[in-house]
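All remarks here apply to the structure that follows.
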Amino acid sequence: MSTRSELPALSDDVCARLREAFRRTSYDADGVVAALGGAAHAALGRGEPVPAERATRDAGDLGTLIRLFLLGGTEPETAVKAALAPLAVEDAVAAGVLAAVDGGYRAALDIRPHGDEEGSWWVVSDLDAGLLGHTVPEDHVLGVGHASLSLIRATSRRPVGTLLDLGTGNGVQALHATRHAQRVTATDVSSRALALAAATFRLNELDVELVRGEWFAPVARRKFDQVVCNPPFVVGPARVDYTYRDSGLAGDDASALVVRQLPGFLTDGGTGHLLASWLHTGKEDWADRVSRWLPAETDAWFVQRDVADPALYVGTWLRDAGLDPRSPEGRAKAAAWLDWFAANDVRGIGFGFVTLRRASGRTPTVVCEDLRQAYDDPLGPEAAGWLDRVEWLRESGDSLLDVRFVVPDTVLLESVEEPGDEGWATTVRRLHRTDGPGWQHEVDELATRLLAGCRGVLPLEDLIELLAAAQGLSSEELAAAALPVVRELVRHGMLVPAGR
């Protein structure tokens, strides 16, 4: 495994001319989709380049750029000169953007459009193993992958003054941060990552502070309103094969380090959003494990999206780096990895999102839950709403009985019934929130009757007393049983105070 000695040199002048070429040819998120069409664009996303290649044949200069930077093709000199003008081909080679090969030129960097609902950027990263034709070097800078996109969707976008992107990589998290943060700071331990992130920001004419160093050391004694982090969360032996995924720390210590230290770099009320992995062992529940990582006075929401089998996990990450698990090197790495898992009683590897908030002087709320079902809405607005609801519950304290609640229109009650001797009998009652991440809660008959009365007219205490009288129950005992259910439904946005 080796690193490269020379860094790309995308100067202000090179980026200005490259940007002009991209704008002239409409090499942006909308332009690429328009040129390829929906089917070919979807095929490209699945790693199937032929439909996209065919679609670019009549796309002129834009087609040349798509074949160069998105398909990894070799293009003739005349076509490349026309597509990149006013950037000279020689200058593109000198800057590390292109490489001269037999038959013309190929991309030496991955430069691709990336957009959101407000517009389009360009992200600079390294070519992946498929385009290189071999495994990537240790200092490989990853492109915009599924993990990056999932963190983008899981981050709250409420306006903030200062934001830290810890471990920026190609800079894509910082790009999105510039939409809602007044000042953005990005760090990375890799000089190559910082060079490519700088090119990303320069190409997009964005002012982002870049600082090199490990973990939080580059921003010691500073505080931010928001921190986002896509750390090297791959778990296993303490080694570094690739800086973008391996921390050099054993097991899930990298995720633990970020969770432990991040709140100390937040302003009071500031929030953190990160991806993380955690071990499932035979000794403890995963929720107990991750909860111990937290410092005092920190609200935390751990959302587990997946639990991977160790063997599947190892094979996935070997292929991610372009390494064949059947090769001698692949076999050796897999054996060492699985030996470590076995020695540490690892039964599975959990993966998910962590939302943190510094709650100085307040009793923190810590929730660990599974969210493995598919959902369409981004998790970022839900994370922000979760923090709001937790704060409201904390401020409300013991006064929930005085609140008039409403069940939102987005919440439905589902029932499952089975036939019996006396007709249909309800076996399952389930509340289902139809927006956001689609939370579901099973409830009993008393809870459904209580919720049926939550129409914003009577306070919760009156509803409980009426239900208790109708059922011949103690109102005090019913209230004690109902309040934990009410709090959980409020946290999930399935029961809201009237007027909010």
Side-chain angles (χ1 to χ4, degrees), residues 29 32-33 41-49 52 69-72 107 109-116 120-155 165-177 186 188-190 192-197 199-201 204 228-236 240-247 254-255 258 273-277 303 305-306 308 312-323 349-354 374 378-380:
V32 169
V33 173
H41 188 261
L44 182 60
R46 298 192 301 268
E48 302 167 10
F69 292 113
L70 302 186
L71 305 181
L109 290 173
D110 185 309
I111 306 178
R112 66 181 56 219
H114 171 74
D116 64 2
S120 182
W121 300 288
W122 299 282
V123 178
V124 184
S125 62
D126 281 321
L127 301 174
D128 63 24
L131 294 181
L132 287 173
H134 55 75
T135 57
V136 299
E138 180 183 328
D139 61 352
H140 177 75
V141 178
L142 199 65
V144 182
H146 293 300
S148 296
L149 292 173
S150 63
L151 180 58
I152 288 166
R153 289 171 55 85
T155 299
D165 176 14
L166 183 73
T168 192
N170 59 43
V172 68
Q173 303 298 329
L175 285 183
H176 284 266
D188 208 289
V189 69
S190 164
R192 184 170 183 84
L194 289 178
L196 296 190
T200 293
F201 303 142
N204 292 286
V228 297
C229 180
N230 182 5
F233 54 71
V234 173
V235 304
V240 178
D241 289 340
Y242 305 103
T243 53
Y244 73 85
R245 73 175 202 192
D246 303 319
S247 66
S255 295
V258 177
H273 303 271
L274 65 141
L275 300 178
S277 291
V303 177
R305 289 292 288 145
D306 188 33
L312 176 62
Y313 186 83
V314 169
T316 297
W317 283 108
L318 290 176
R319 292 184 183 91
D320 176 78
L323 192 61
I349 301 93
F351 170 80
F353 306 107
V354 183
L379 197 64

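If you're wondering where the values come from, they're calculated on a predicted model, not measured in any experiment. Just so it is clear, the values below take in all heavy atoms, side chains as well, and ignore hydrogens, waters and symmetry mates.
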Open item on the list: Between N204 and W122, is there a side-chain heavy-atom distance shorter than 4.5 Å?
Closed with: yes
Open item on the list: Return the CZ to OG distance between F351 and S255, rounded to the nearest 0.5 Å.
Closed with: 9.0 Å
- [ ] Tell me, please, which residues at least two apart from T168 pass side chain to side chain donor-acceptor pair (under 3.5 Å).
- [x] D165
TODO: Determine the minimum heavy-atom distance between V141 and G169, stating which atoms define it.
DONE: CG1-C, 4.0 Å
Task: Nearest non-hydrogen partners of P113 and A29, listed with the distance - done: CB-N, 3.4 Å
- [ ] Find the distance between CD1 (I111) and CG (L196) and round it off to the nearest 0.5 Å.
- [x] 9.0 Å
Task: Set of side chain to side chain contact (heavy atoms under 4.5 Å, CB included) partners for A147, sequence neighbours left out - done: N230, F233, L275
- [ ] Applying side chain to side chain donor-acceptor pair (under 3.5 Å), name anything that partners D110, two or more places apart in sequence or on another chain.
- [x] R112
Open item on the list: Could you tell me if the side chain of V144 sits less than 4.5 Å from the side chain of L149, heavy atoms only?
Closed with: yes
Task: Atom pair CG/CG of D188 and L166 - distance to nearest 0.5 Å - done: 8.5 Å
Open item on the list: I need the minimum non-hydrogen distance between V258 and C229, along with the two atoms involved.
Closed with: CG1-SG, 4.1 Å
Open item on the list: Rounded at 0.5 Å granularity, tell me how far CG in L175 sits from CG in D116.
Closed with: 9.5 Å
TODO: Output all residues satisfying salt bridge (Lys or Arg N to Asp or Glu O under 4.0 Å) with D306, sequence neighbours left out; order by chain, then residue number.
DONE: none
- [ ] Calculate, to the nearest 0.5 Å, the distance between atoms CZ and CG belonging to R305 and L379 respectively.
- [x] 8.0 Å
Open item on the list: Once side chain to side chain donor-acceptor pair (under 3.5 Å) is applied, do any residues pair with H114, and if so which ones, sequence neighbours excluded?
Closed with: H176
TODO: For A43, enumerate each residue passing the side chain to side chain contact (heavy atoms under 4.5 Å, CB included) test, keeping only those at least two apart in sequence or located in another chain.
DONE: R46, E48, P51
Open item on the list: Would you say that D126 contacts L109 through its side chain, given a criterion of any heavy-atom pair below 4.5 Å between the two side chains?
Closed with: yes
Task: N170 side chain to V123 backbone, donor-acceptor under 3.5 Å - done: no
Open item on the list: Going by the rule side chain to side chain contact (heavy atoms under 4.5 Å, CB included), which residues pair with V189 if we only count those two or more places apart in sequence or in a different chain?
Closed with: E214
Open item on the list: Within the structure provided, determine whether V172 and W121 are in side-chain contact (heavy-atom separation under 4.5 Å).
Closed with: no
Open item on the list: Give me the atom names and distance for the closest heavy-atom approach of S277 to I349.
Closed with: CB-CG2, 4.4 Å
Task: From T155 atom OG1 to Q173 atom CD, the distance as rounded to the nearest 0.5 Å - done: 6.0 Å
Task: Residues in ring pair (Phe, Tyr, Trp, His ring centres under 6.0 Å) contact with F353, at least two apart in sequence or another chain - done: none
- [ ] Go through the structure and list residues passing ring pair (Phe, Tyr, Trp, His ring centres under 6.0 Å) with H273, not counting sequence neighbours.
- [x] none
- [ ] Check side chain to side chain contact (heavy atoms under 4.5 Å, CB included) between P232 and all other residues, then give those that pass, not counting sequence neighbours.
- [x] W215, S247
TODO: Grab the two heavy atoms, one from L127 and one from A107, that are nearest each other, plus how far apart they are.
DONE: CD1-O, 3.2 Å
